[in-house]
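Starting from 1, each residue takes its place in the sequence as its number. Both counts, for ligands and for their atoms, begin at 1 and track the order of listing.
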Amino acid sequence: MLNSQYTITKIKEIINANGAIVSENSISVLLTDSRRINNAAEALFFALSGRRNGHEFIAEAYAAGVRNFVVKHGPEIKMPGANFLIVDDVLTALQTLAAYHRSQFKLKVIGITGSNGKTIVKEWLYQLMAADHNIVRNPKSYNSQIGVPLSVWQISDKNELGIFEAGISTIGEMHRLEAIIKPEIGILTHIGSAHDEGFESRDQKIKEKLGLFKHCRLVIHNYDQLIDYQKSIKAECFTWSQKFKQADLYVFSEAVISRNFYLRAKYKGHEIECLVPFMDEASVENAITCWATMLAMGYSPVEADKRIERLAPVSMRLELKNGIHDCSIIDDSYNSDVQSLEIALNFLGQQNQHQKKTLILSDIFQSGLEEDVLYAQVANLISAKKIDKFVGVGGALFNHQENFDVPEKHFFHDTAALLKDLGKLNFRNEDILIKGSRSFEFERVSRALVQKGHETVLEINLNTLLNNLNFYKSKLKPGVKVMAMVKAFSYGSGTFEVANMLQYNKVDYLAVAYIDEGVTLRQTGITLPIVIMNPEVSAFDKLDEYKLEPVIYSFGLFDDFIKYAQSAGLVNYPVHLKIDTGMHRLGFEDFEIEALCDLLEENIYVQVKSIFSHLAASEAPKHDAFTLKQIAKFEKAYKQVEKALGYKLIKHLSNTSGITRWPAAQYDMVRLGIGLYGIDSAVPASENALQPIAGLKTSVSQVKKVPAGETIGYGRNGRLAKNGKIATIRIGYADGYLRAFGNGVGKMMIRGVRVPTVGNISMDMCMLDVSTVPDIREGDEVTVFNEELRIEELAAQIGTIPYEILTNVSQRVKRVYFYE
Ligand SMILES: *Cc1c(COP(=O)(O)O)cnc(C)c1O
């Protein structure tokens, strides 16, 4: 976050720190995450202790060019030129600096708090008033003890109005945020049960929140919510209510007119009106809060109405989507408590698309209620809202299924079980509300029920990638590094998105096959070391330009590289040595090692970073004796080279199956490839430790009845045994669905049924025998592979390996990434 500058000496004085200033710098950026460094020269890094100790990331920030740090204690190693400001409490220092910065400006500031709706109200006020003021506000919902200082730091003398939200989760937090925001106008949004668990009582929570208004001149709030707290607020209040006439803005009528809420109210003795372009209760409540704020700040009722009518949604939690089989889906898959359930059920009740109302609900956590009480309440609510079909997910709901009196009900222990049986629940012509606690990952349910576009897409789940990475990390001995193999578009899964995820989660190296692949990664902002497995001489000039590290596997290549290094004036250029221990593909053989050592000893052009070899059959028990021989040859080779060079090298041998099957061969690093993408023949699928990250989907273009005896497709190879139906679908060999899958060899899945291909595969299309699929329709989704119809199965059908299936999906197929 950028702002006008402070010298580091001045900051030291503001936060009252110890430590010597070794170099006077000016600071404009505050950093709390070493993964998000920009403008390093002017950055001040705060080593905050959260889930990880921020002091662990100082070296990384230093390496990225950061020279100014606020810390509890100095670094263990020398970092020349860096300033370390030493304080007792790093968070307090951050907050003190932000509060000082705030105090330098005389702008008008609005402070918002409440349990729900803070971010929406903040963003809407911004939309409503941006025409009149230069406004500064929190990015997204940066409203925490760290987020608020970073937000306030953005204030500059251009700003005339600040709108800042403050979120707290326990007592003692608000006065710190108040001191940073120093609002003149306060707004209280809806108070619900969010974060109840951090407080002894609702009363305590409300009082803590009101702490934000300690020095306010004016506070805007819902009259009903604070009836018992009028004495706790010293400021002048502007209240609104839908119940009480004495409120300043008394909203006495609401009517729905073509998907808008039409509100009428009494204000200063006059009747005024406002059209809210939303349909759900939560939005209406937030809009009334904004309405009240505009009036309290002196906007005319006519102007306020005009602007509110044009409000745009702020990535609303309640989202309505078109579902499969003519269902409508309300997706509220990120949180769950009884109040928000009620609001969402009201929203469901307002949907008139379908008669049938369905609720998919997960267990509710942290309600502060006994389980029996909680689920009795939930069951009552569901009966009252006339739900026709109820799907409960989670152990607690499972145990309380007797409570629910609903025409149709289903219970599952977890989300995976629900997903498995989703097809059997037969969703058709229903309005479905999906509501779950975050940990249930109901976005997966939503994804399965929402209607997809008709194109062919490869869906990549980056969360799964991360799980797979962590699975392998858990198999590594302490200190063993990971080189992630992202060659061939990350085995077909995409370049930047996958590499970026891996970089963010701190693998040590990336490796690709060719120089151009490395260049692409650099151009998309990847800064990890990148190894080129098979560098082409013709592209050597890009190595230095893009800081790519070549593998040297033969004397010829070595020679070419030295010539390049000499002409380009490079010395000590990082390279990696490949030894052939039995694969007989690339690498120096054992009789060549001595000559290699001689060459290296007198060489100033290269610095050998690592030495490695590749296992030919690490996955196969029948070749274990051979693998052992490879291991022995590798050990002999690296010892020879290390001795000649006189310095330590990173040694690595294992690919995916080597990691799981040969723990003794981990050395200093492993090279993780196909396992990242969810496939490893050494890890039984039944263990569920790995999941494929990619799913290939397409859709039905046309359905036809075909009598027995007619032929289907090019070359007239296809026939149905009996009169039946075929579906023509949008994928062919040009998309990577090989011709070998034709004529019944390949199977796909439609509506949960596996169906064989019929006839030859065409370039852009192919046909499936769908005689056994009830109720098939044009537009239906077709699964080519996913976590159920597995890539391994497809590979077996045409006698190949999963690697080939994955990397064959052509670049024409759109990649869609998911990450929550
Ligand atoms: C591709 C590759 C790997 C990764 O192999 P997986 O079996 O996919 O884990 C490792 N090392 C080298 C040299 C490779 O080319």
Side-chain angles (χ1 to χ4, degrees), residues 465 468-473 475-476 480-493 495 498-499 502 507-515 517-518 521 529-536 548-554 557 575-588 609-620 623 627 630-631 633-634 637-638 649-663 665-683 689-690 692-694 791-792 795 800-808:
L465 175 81
N468 294 341
L469 173 65
N470 287 335
F471 168 77
Y472 286 100
K473 279 190 175 168
K475 300 274 169 199
L476 298 181
V480 174
K481 295 182 195 303
V482 176
M483 177 183 285
M485 308 304 290
V486 294
K487 58 198 182 193
F489 300 104
S490 303
Y491 292 49
S493 307
T495 43
V498 170
L502 294 166
V507 304
D508 301 279
Y509 273 91
L510 295 177
V512 292
Y514 298 107
I515 291 174
E517 295 181 282
L521 289 177
I530 298 175
V531 172
I532 311 293
M533 288 288 161
N534 199 352
E536 322 88 290
L548 306 171
E549 304 179 8
V551 166
I552 304 290
Y553 53 77
S554 70
L557 185 64
V575 302
H576 303 260
L577 295 179
K578 186 162 192 181
I579 308 298
D580 182 359
T581 55
M583 177 90 156
H584 298 319
R585 195 172 65 177
L586 297 178
F588 293 97
K609 283 276 168 206
S610 86
I611 182 165
F612 71 103
S613 184
H614 196 30
L615 297 173
S618 59
E619 72 288 350
H623 296 301
T627 301
Q630 285 199 276
I631 292 175
K633 279 192 177 176
F634 178 60
Y638 80 67
L649 306 175
I650 298 175
K651 300 170 276 290
H652 46 117
L653 182 62
S654 281
N655 62 342
T656 294
S657 347
I659 299 174
T660 29
R661 294 198 68 240
W662 297 94
Q666 288 178 1
Y667 303 104
D668 306 311
M669 183 154 78
V670 293
R671 296 188 308 276
L672 178 57
I674 194 131
L676 265 179
Y677 310 99
I679 293 161
D680 182 348
S681 58
V683 179
L690 295 175
I693 72 164
I791 294 171
E792 290 93 325
T800 183
I801 51 174
Y803 299 73
E804 196 182 14
I805 303 286
L806 260 179
T807 53
N808 257 329

Audit row: Tyr553, Asn534, side-chain hydrogen bond (donor to acceptor under 3.5 Å, both in side chains) steps and yes/no
CA-CA 8 Å; Tyr553 53 77; Asn534 199 352; 3.1 Å; yes
For Ala795, all residues meeting side-chain contact (heavy atoms from CB on, under 4.5 Å), sequence neighbours excluded:
Thr800, Pro802, Ile805
Within the side chain of Gln630, is there an N or O that forms a donor-acceptor pair under 3.5 Å with the backbone of Leu653?
no
Atom-level proximity to ligand 1, residues with heavy atom under 4.0 Å
Met485, Lys487, Tyr491, Met533, Lys578, Arg585, His614, Asn655, Thr656, Arg671, Gly673, Ile674, Tyr803
His576: ring-ring contact (aromatic ring centres under 6.0 Å, His included) partners, not counting sequence neighbours
Tyr509
Minimal non-hydrogen separation, Asp680 against Tyr472, with atom names
OD2-OH, 2.6 Å
Across all chains, not counting sequence neighbours, the ring-ring contact (aromatic ring centres under 6.0 Å, His included) partners of Phe588 are Phe555
